[in-house]
Amino acid sequence: MTDIQELLLSRIRDVADYPEPGVMFKDITPLLADPAAFTVLTDTLAGIATSTGATKIVGLEARGFILGAPVAVRAGLGFIPVRKAGKLPGATLSQAYDLEYGSAEIEVHAEDLTSGDRVLIVDDVLATGGTAEAAIHLIQRAGAEVSGLAVLMELGFLGGRTRLEPALAGAPLEALLQV
C-alpha cells in the first residue's frame with residue numbers, strides 16, 4: 001500500500017449498520033475535514049485528469065460534486081454536475097438506469113458537453129456501477145468522449161468494474177482504494 005493510500009484509508013471511518021443493518025458504510029467526512037488528506041486526494045485525482053487528457057470533469061451527485069469540483073479547479077478544467085432528474089433548469093439530456101429496487105434518472109445540461117470534450121467522471125465510491133454506467137451513456141449521447149472514471153474507493157465485491165468495462169471501451173477506471 002502506498003503512503004497516499006494509507007493516508008486516505010486512515011481518514012475513512014467505518015459506520016456499522018448504516019443506512020441499514022448489515023451494511024458497513026464508508027464515511028469520507030473525516031477525510032474531507034482533514035485539509036492535508038483532502039489536498040492529497042484532490043492532487044491525485046487532478047493528476048489522473050491530466051494523464052487521461054480530460055478537458056472537463058463530470059461529478060456525480062452528490063459526493064462526486066465535493067470531489068470533482070476541486071479536481072477541476074486544480075487541473076484547470078471545467079466542472080459539469082450530473083444531477084438527479086428535475087434538479088437542473090433549462091434544456092437537459094437525461095438517462096434512466098435500473099436500481100436494485102426500481103429505477104432512477106440523471107441529467108446534464110445539454111449545452112455543457114460538446115463533441116470536442118474528453119470527460120473524466122469523478123465520484124467517491126464505485127459500488128454496482130449503475131450510476132456511473134448511466135453517466136457514461138449520458139456523456140456519449142451529448143457527443144463527448146469519456147476519458148476515464150476516477151473514484152476514491154471501489155467496493156470490488158459488488159462487481160461495478162466488470163459492469164463498466166464494456167461501456168468504458170478501454171478508457172481507464174482508476175480507484176485509489178480497493179475495499
Side-chain angles (χ1 to χ4, degrees), residues 4-5 8-9 11-13 19 23 25-32 37-38 40-52 54-75 77-85 87-88 93-100 104-109 112-113 117-140 142 144-168 171-179:
I4 290 172
Q5 289 172 316
L8 297 176
L9 196 55
R11 301 305 189 275
I12 297 171
R13 179 174 59 127
V23 173
F25 184 78
K26 300 293 186 183
D27 180 13
I28 68 167
T29 58
L31 189 157
L32 300 174
F38 195 16
V40 166
L41 174 60
T42 300
D43 289 348
T44 303
L45 292 173
I48 293 169
T50 300
S51 72
T52 66
T55 60
K56 291 195 176 147
I57 301 293
V58 156
L60 304 181
E61 189 166 337
R63 289 181 298 265
F65 298 174
I66 296 168
L67 303 185
V71 168
V73 169
R74 183 63 50 106
L77 305 174
F79 176 76
I80 311 298
V82 168
R83 306 253 2 230
K84 295 173 185 167
K87 300 289 186 181
L88 291 171
L93 290 174
S94 63
Q95 181 72 42
Y97 61 102
D98 292 328
L99 299 168
E100 188 174 354
E105 192 172 2
I106 55 175
E107 294 180 332
V108 67
H109 274 133
D112 286 347
L113 295 170
D117 286 323
R118 289 183 44 81
V119 179
L120 178 68
I121 302 166
V122 173
D123 206 3
D124 65 330
V125 175
L126 172 61
T128 63
T131 306
E133 183 180 41
I136 291 166
H137 294 308
L138 193 59
I139 291 162
Q140 292 168 337
E145 179 184 346
V146 175
S147 70
L149 170 65
V151 297
L152 169 58
M153 73 184 109
E154 177 182 355
L155 307 179
F157 62 93
L158 292 176
R161 182 176 292 268
T162 301
R163 177 181 184 163
L164 293 177
E165 283 173 347
L168 283 167
L173 192 169
E174 300 283 346
L176 303 184
L177 301 172
Q178 303 279 338
V179 179

(request) Supply the atom-to-atom distance L177 CG to D124 CG, rounded to the nearest 0.5 angstrom. (result) 11.5 Å
(message) Taking the side chain as everything from C-beta on, heavy atoms only, tell me whether I28 gets closer than 4.5 Å to L152.
(response) yes
(request) Hey, could you give me the CG/CG distance between L173 and L126, rounded to the nearest 0.5 Å? (result) 5.5 Å
(message) Please determine whether the number of non-hydrogen atoms from other residues, nucleotides or ligands lying under 6.0 Å from atom CZ of R118 exceeds 12.
(response) yes
(message) How close do D123 and G64 get, counting heavy atoms only, and between which atoms?
(response) OD1-N, 3.4 Å
(message) Could you tell me if the side chain of V58 sits less than 4.5 Å from the side chain of V108, heavy atoms only?
(response) no
(request) Decide yes or no for L45 and L176: does some side-chain heavy atom of the first lie under 4.5 Å from some side-chain heavy atom of the second? (result) yes
(message) Just verifying a value: how many Å separate I80 CD1 and I139 CD1, rounded to the nearest 0.5 Å?
(response) 9.5 Å
(request) For D27 and T29, indicate whether the former's side chain and the latter's backbone hold a donor-acceptor pair under 3.5 Å. (result) yes
(message) I need the minimum non-hydrogen distance between Y97 and T131, along with the two atoms involved.
(response) OH-OG1, 3.1 Å
(request) Of all the heavy-atom pairs spanning A37 and R11, show the shortest one and how long it is. (result) CB-CG, 3.8 Å
(request) Quick one: pull up CG in L93 and CG in L138 and give me the separation to the nearest 0.5 Å. (result) 6.0 Å
(request) Supply the atom-to-atom distance R163 CZ to L158 CG, rounded to the nearest 0.5 angstrom. (result) 11.0 Å
(message) For the NZ atom of K56 and the CG atom of L77, what is their distance to the nearest 0.5 Å?
(response) 10.0 Å
(message) Any side-chain to backbone donor/acceptor pair from T42 onto V71? Under 3.5 Å, distance only.
(response) no
(message) Looking at every heavy atom in both E61 and R83, which two are closest together, and how far apart are they?
(response) OE1-NE, 2.8 Å
(message) side-chain contact (heavy atoms from CB on, under 4.5 Å) for F38 and L67? Distances and angles first, verdict last.
(response) CA-CA 9 Å; F38 195 16; L67 303 185; 4.1 Å; yes
(request) Mind listing the closest non-hydrogen atom pair of L88 and P81 along with its distance? (result) CD1-O, 4.4 Å
(request) Applying side-chain contact (heavy atoms from CB on, under 4.5 Å), run through V179 and K26 and close with a yes or a no. (result) CA-CA 10 Å; V179 179; K26 300 293 186 183; 3.4 Å; yes
(message) For a 4.5 angstrom cut-off between non-hydrogen side-chain atoms, does I12 reach M153?
(response) yes
(message) If you compare all heavy atoms of P70 against all heavy atoms of F65, which two are closest, and at what distance to 0.1 Å?
(response) CD-O, 4.1 Å
